[in-house]
Amino acid sequence: DRGRYPMAVFFVLSTGRAGSRTLANVLSQSPDTICLHEPVPYLVEEAARYRCGEVSAESLAELLIETRPRQMNGKQYGESANRLSPALPVLASTFPDAKFVWLVRDGRDVVSSGHQRGWFDAEHVADTQWERHRLRADQMGELDESEWIEWSPFRRICWLWRRTNEMIESD
């Protein structure tokens, strides 16, 4: 019964740049709740590779079971991280009683913030695991790599906001 958790579990899903850190801090103010923002492991690479078909649901589930706490001082446990969004099907099957919160920020604000931070900018692509494993339309089989390369960083961020919200909605 490795996948059953004796307490309530919830996950906050988003595109990133949507206020997930603030929401985690607010939710953790409740005496019965602890909500961690981007706990280790971050699942940056694993969730992206799962969504692109390179990591199995089983191996991602094992990682979640091994690294997520079974007890948190008797409190309701939650996580808030944009990298949970691609892993939603695995989260739902691994934690069948979990609740999910879908945090949505206006796409124009997310795109502006991502653009200011250099998302998909060629100068930053290999700098961090966050950049190396950001979802890409070509890696998800939605278009050819040559087409993706032609897209501007702005267009890529727009795609990421739309596609992430579509994934959350459909999953």
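Hydrogens, waters and symmetry mates are skipped; everything else that's a heavy atom, side chains included, is used.
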So Leu43 and Leu64, side-chain contact (heavy atoms from CB on, under 4.5 Å) or not? Walk me through it.
CA-CA 9 Å; Leu43 304 176; Leu64 287 165; 3.7 Å; yes
Any link between Val104 and Val101 through a network of hydrophobic side chains (Ile, Leu, Val, Met, Phe, Trp, Tyr) touching at under 4.5 Å?
no
Are more than 12 heavy atoms from other residues, nucleotides or ligands located less than 6.0 Å from atom CG of Asn73?
no
Would you say that more than 12 heavy atoms from the other residues, nucleotides or ligands in this model lie under 6.0 Å from the CZ of Arg21, or not?
no
Does NZ or CZ of Arg156 come closer than 6.0 Å to the centre of the six-membered ring of Trp119, within 45° of the ring's axis?
no
For ring-ring contact (aromatic ring centres under 6.0 Å, His included), just list the numbers for Tyr77 and Phe10, CA-CA rounded to whole Å, side-chain angles, deciding distance to a tenth of an Å, and then say yes or no.
CA-CA 6 Å; Tyr77 175 76; Phe10 67 92; 7.8 Å; no
Heavy-atom nearest pair, Arg51 first then Leu135, reads CB-CD2, 4.2 Å
ILVMFWY network linking Phe120 to Ile149, side-chain heavy atoms under 4.5 angstrom
no
Transitively linked via ILVMFWY side-chain contacts under 4.5 Å: Leu84 with Leu103?
no
Closest approach of Asn82 to Gly16 (non-hydrogen atoms, all atoms of both residues):
CB-N, 3.3 Å
Residues passing the side-chain contact (heavy atoms from CB on, under 4.5 Å) test with Ala92, sequence neighbours excluded, are Phe100
Residues that Asp138 engages under side-chain contact (heavy atoms from CB on, under 4.5 Å), provided they are two or more places apart:
Arg136, Leu143, Glu145, Trp148
Can you hop from Met72 to Val26 via hydrophobic side chains spaced under 4.5 Å?
no
Arg83/Glu46 under salt bridge (charged side-chain N to carboxylate O under 4.0 Å, His left out): CA gap, chis, key distance, verdict:
CA-CA 9 Å; Arg83 295 308 172 119; Glu46 298 86 354; over 6 Å; no
List the steps and the verdict of salt bridge (charged side-chain N to carboxylate O under 4.0 Å, His left out) for Arg163 and Glu142.
CA-CA 10 Å; Arg163 186 64 180 99; Glu142 296 181 15; 2.5 Å; yes
Check the pair Glu38 / Trp130 against side-chain contact (heavy atoms from CB on, under 4.5 Å), numbers first and verdict last.
CA-CA 12 Å; Glu38 298 177 352; Trp130 300 91; 3.7 Å; yes
